[in-house]
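Keep in mind it's a predicted model, so treat the numbers as computed, not measured.
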There are 2 protein chains.
Amino acid sequence: MAGMGKAEDTKARIERAALTLFVARGVAETTTREIAMAASIAEGTIYRYFPSKEQLALNMFLGHHRALAEALDEAQRPHPSLRAKTEAIVRCYCDWADRDWTLFAYHLLNQHSFLIQVPDGTPNPVNVVREAIGRAMAAGEIPKNNVDLAAASAIGVVLQAATYKVYGRFEGPLSDHVTFFAAAAWAVLSVKEK
Amino acid sequence: MAGMGKAEDTKARIERAALTLFVARGVAETTTREIAMAASIAEGTIYRYFPSKEQLALNMFLGHHRALAEALDEAQRPHPSLRAKTEAIVRCYCDWADRDWTLFAYHLLNQHSFLIQVPDGTPNPVNVVREAIGRAMAAGEIPKNNVDLAAASAIGVVLQAATYKVYGRFEGPLSDHVTFFAAAAWAVLSVKEK
DNA sequence: TGAAAAAGAGTGATCACTCACTTATATCAT
DNA sequence: ATGATATAAGTGAGTGATCACTCTTTTTCA
């Protein structure tokens with residue numbers, strides 16, 4: 001932990017311990033005592049850095065949510081075509097998953113509990129994809145379908161595979177399959193509804 | 001509730017109340033007192049029908065899980081080609097979702113907590129799809145890719161759309177989009193990896 | 001030596017579950 | 001039919017355990 005003060009180190013240890021336990025056992029099922037033990041600190045120390053267990057859980061979710069959205073947006077922006085954007089987004093997403101799998105899995109498995117608490121105006125991974133698709137439909141690059149439906153199905157191609165990796169249905173880095181995911185997502189987007 | 005004894009009616013009321021609350025607030029966040037109030041019975045009555053809150057939650061999950069798997073298997077069996085099986089499976093799945101949306105949403109949102117507790121040998125929705133895809137690959141009907149990966153991505157096309165309906169990203173019955181889902185899933189399966 | 005950080009016993013609230021009891025319903029002898 | 005009795009269904013106050021969070025004390029270190 002180079003260049004990290006003692007306090008910041010403690011805070012990071014708390015977050016990492018909480019993250020691991022949240023993924024393994026669920027947020028509600030993880031106690032503050034367990035977090036403290038896993039982080040090798042006292043229970044009270046958690047509250048020097050976070051006002052509550054809920055805020056600790058929410059902060060980590062929102063941090064990753066926003067950062068991922070910004071990364072995806074930067075990845076797709078330079079490319080002119082949706083086909084190229086698709087590949088760039090998929091690659092960026094898989095890289096994020098592989099870089100910090102625990103954080104990624106936490107974000108993936110707890111969307112339903114935190115998504116409603118995302119403040120308005122926060123960069124949003126789904127919106128990045130949705131808007132790129134919407135523009136491509138308007139430009140006639142792909143068939144004009146229901147945008148939300150197309151976005152959901154295309155995202156699902158990658159997201160469900162990631163979910164099954166969380167469940168242990170297969171191993172190895174997600175990035176190994178970037179080409180397949182991109183081709184599959186593109187195939188979905190090319191389908192003409194009805 | 002035709003042909004339902006008083007006891008069975010009470011049991012059904014408990015299950016329905018629990019289901020609604022579990023979907024709206026989460027299993028861990030729902031108290032037995034709330035379930036009792038919503039079902040218009042006393043808290044103690046829950047324990048005449050279920051040994052614990054956990055078993056109540058697990059029973060409902062497993063019941064739907066097994067029944068869905070059997071329905072999907074019956075839906076795909078008569079069809080010879082994977083293309084036809086795909087359409088049949090997608091249609092069956094969407095019908096189940098539309099028929100009892102609360103139960104469906106409960107199953108969808110709580111897979112990660114219950115999937116590890118599914119007894120070996122239980123009919124499994126994912127396996128039905130996986131095996132159909134595996135046979136089609138062996139028969140040369142579709143390109144020979146990683147079976148788990150192909151299954152995950154194809155399933156994701158429908159499942160993620162269903163998830164976004166839970167989140168309120170769009171409305172109306174899932175069945176309205178059966179043709180699109182089937183075409184999109186088929187497009188994914190037709191992609192040649194690498 | 002003073003302020004920041006960490007400790008960990010303590011606290012009040014919550015919650016799943018129990019249990020002694022009441023009420024409703026079914027069974028059956030007269 | 002009627003009353004007696006057995007069984008099932010339902011009740012809700014009570015209980016013990018748990019847990020997030022607090023507070024006073026102790027340690028660390030600049």
What does [X] touch in the nucleic acid at a heavy-atom separation under 4.0 angstrom: a base, only the sugar-phosphate, or nothing?
X: B/Tyr49; result: sugar-phosphate
X: A/Thr31; result: sugar-phosphate
X: B/Ile41; result: sugar-phosphate

Which whole-number value in Å describes the distance from [X] [atom1] to [N] [atom2]?
X: A/Arg48; N: D/dC23; atom1: CZ; atom2: C1'; answer: 11 Å
X: B/Glu54; N: C/dC15; atom1: CD; atom2: C1'; answer: 13 Å
X: B/Glu29; N: C/dT14; atom1: CD; atom2: P; answer: 16 Å
X: B/Asp9; N: D/dA8; atom1: CG; atom2: P; answer: 19 Å
X: B/Glu43; N: C/dC19; atom1: CD; atom2: P; answer: 15 Å
X: B/Ile14; N: D/dT11; atom1: CD1; atom2: P; answer: 9 Å
X: B/Ile46; N: C/dC17; atom1: CD1; atom2: C1'; answer: 10 Å
X: B/Glu34; N: C/dA16; atom1: CD; atom2: P; answer: 8 Å

Is B/Phe104 reachable from B/Tyr167 through a run of hydrophobic residues whose side-chain heavy atoms are each under 4.5 Å from the next?
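Same cluster: B/Tyr167 reaches B/Phe104 through Ile, Leu, Val, Met, Phe, Trp or Tyr contacts under 4.5 Å.
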
Same cluster (ILVMFWY, side-chain, under 4.5 Å), B/Leu115 and B/Val166: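 Hydrophobic grouping puts B/Leu115 with B/Val166.
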
- Task: When you get a sec, tell me which of D/dT11, C/dA16, C/dA6 is the closest nucleotide to the side chain of B/Thr45?
- Result: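 Looking only at side-chain atoms, B/Thr45 lies closest to D/dT11.
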
ask   = B/Lys53 has a side chain; which of C/dA6, C/dA16, D/dA9 sits nearest to it?
value =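 Looking only at side-chain atoms, B/Lys53 lies closest to C/dA16.
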
Give a yes/no answer on whether the side chain of A/Thr32 brings an N or O atom under 4.0 Å of OP1 or OP2 in D/dA20.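 It does, given that an N or O in the side chain of A/Thr32 lies less than 4.0 Å from OP1 or OP2 of D/dA20.
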
For D/dC23, does either OP1 or OP2 sit under 4.0 Å from a side-chain N or O belonging to A/Tyr47?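 Indeed not, no polar side-chain atom of A/Tyr47 lies that close.
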
Of the non-hydrogen atoms in B/Val27 and B/Lys53, which two are nearest, and what is the gap between them?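 Looking at all heavy atoms of both residues, the shortest contact is O-NZ, 3.1 Å.
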
*Does A/Thr30 or B/Ser40 map to a spot on DNA chain D nearer the 5' end, using the closest nucleotide for each?*
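Going by which nucleotide is closer to the 5' end, it is B/Ser40.
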
Residues A/Arg25 and A/Glu34 bridged, charged N to O under 4.0 Å
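A salt bridge links A/Arg25 with A/Glu34.
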
Test: B/Asp100 and B/Arg16 ion pair at under 4.0 Å: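 Looking at B/Asp100 and B/Arg16, the cut-off is met.
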
**Prompt:** A/Ala42 or A/Arg33: which one's nearest nucleotide on DNA chain C is closer to the 5' end?
**Reply:**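 Going by which nucleotide is closer to the 5' end, it is A/Ala42.
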
